[in-house]
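Report on one structure; see the data block that follows.
Quick note: residue numbers are just sequence positions, from 1. In this text the structure is predicted, and so the values were computed from the model without any measurement.
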Amino acid sequence: RLDDGQLEEFLSQFLLGPQPSDIPKSMSVIAGPALESAPDPQYLQNGIDSTNGAFVREIIIDKRAPDETYVHISVYTL
């Protein structure tokens with residue numbers, strides 16, 4: 001769970017910001033409220049190359065109220 005300042009700092013590392021999407025509503029989460037009840041879920045996906053290989057990050061932003069945003073991160077290897 002992030003406040004607005006933390007969310008802005010977290011998102012500053014990405015070239016493109018998250019976009020509105022219905023994809024997250026069908027995904028299950030480990031912590032935080034269920035995404036099916038998210039009022040306006042946003043989705044971001046990007047690739048990362050490292051010395052350990054290539055990865056894909058999926059990031060879901062679930063803003064419930066001012067200073068109450070749940071960020072869900074999934075990482076997959078390629």
Side-chain angles (χ1 to χ4, degrees):
R1 181 174 163 181
L2 302 178
D3 64 32
D4 290 344
Q6 292 168 322
L7 178 62
E8 183 177 330
E9 180 181 350
F10 174 73
L11 292 176
S12 71
Q13 67 183 302
F14 303 102
L15 296 175
L16 299 174
Q19 300 296 313
S21 176
D22 285 332
I23 292 171
K25 290 194 174 208
S26 64
M27 301 172 90
S28 60
V29 296
I30 296 171
L35 289 171
E36 63 191 20
S37 64
D40 182 29
Q42 297 191 348
Y43 180 82
L44 166 68
Q45 184 182 70
N46 76 333
I48 305 166
D49 288 321
S50 76
T51 57
N52 295 319
F55 302 88
V56 171
R57 281 190 295 196
E58 288 185 332
I59 297 157
I60 299 166
I61 307 296
D62 177 10
K63 187 165 186 70
R64 297 291 174 140
D67 286 329
E68 183 185 355
T69 302
Y70 296 88
V71 177
H72 305 278
I73 303 169
S74 301
V75 179
Y76 305 96
T77 58
L78 295 178

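The closest side-chain heavy-atom distance from Arg64 to Ser37 is below 4.5 Å. Between Pro18 and Ile59 there is no side-chain heavy-atom pair separated by less than 4.5 Å. Counting heavy atoms from C-beta outward, Phe10 and Ile73 have side chains that approach closer than 4.5 Å. Annotation: side chain of Glu58 is in contact with side chain of Met27 (closest heavy-atom distance under 4.5 Å).
For Glu8, the CD atom is loosely surrounded, since the number of other residues' heavy atoms within 6.0 Å does not exceed 12. No more than 12 heavy atoms of other residues, nucleotides or ligands sit less than 6.0 Å from atom CD of Glu9. The neighbour count for Leu16 CG, taken as heavy atoms of other residues, nucleotides or ligands under 6.0 Å away, does not exceed 12.
Heavy atoms only, all atoms of each residue included: Leu2 and Leu7 are closest at CD1-CA, 3.9 Å. Closest approach of Ile60 and Pro24 over heavy atoms only: CG2-CB, 3.6 Å. Smallest separation of non-hydrogen atoms from Pro20 and Asp40: CB-OD1, 4.2 Å.
One finds the CD atom of Gln42 at 7.0 Å from the CD atom of Gln19 (value rounded to the nearest 0.5 Å). Put simply, CG on Leu44 and CG on Leu11 are 7.5 Å apart, with the number rounded to the nearest 0.5 Å.
Within the 3.5 Å criterion, the main-chain N or O of Pro41 finds no donor-acceptor partner in the side chain of Asp62. Side-chain atoms of Asp67 come within 3.5 Å of backbone N or O of Asp4 as a donor-acceptor pair.
Under the 4.5 Å side-chain heavy-atom criterion for grouping Ile, Leu, Val, Met, Phe, Trp and Tyr, Ile23 is connected to Leu35 within one hydrophobic cluster. Val71 and Tyr43 fall into different hydrophobic clusters, where Ile, Leu, Val, Met, Phe, Trp and Tyr residues are linked whenever their side-chain heavy atoms come under 4.5 Å apart, directly or through other members. Residues Tyr70 and Val29 are members of separate hydrophobic clusters, defined by side-chain heavy-atom contacts under 4.5 angstrom among Ile, Leu, Val, Met, Phe, Trp and Tyr. If you chain together hydrophobic residues whose side chains sit under 4.5 Å apart, Phe14 and Phe55 fall into the same group.
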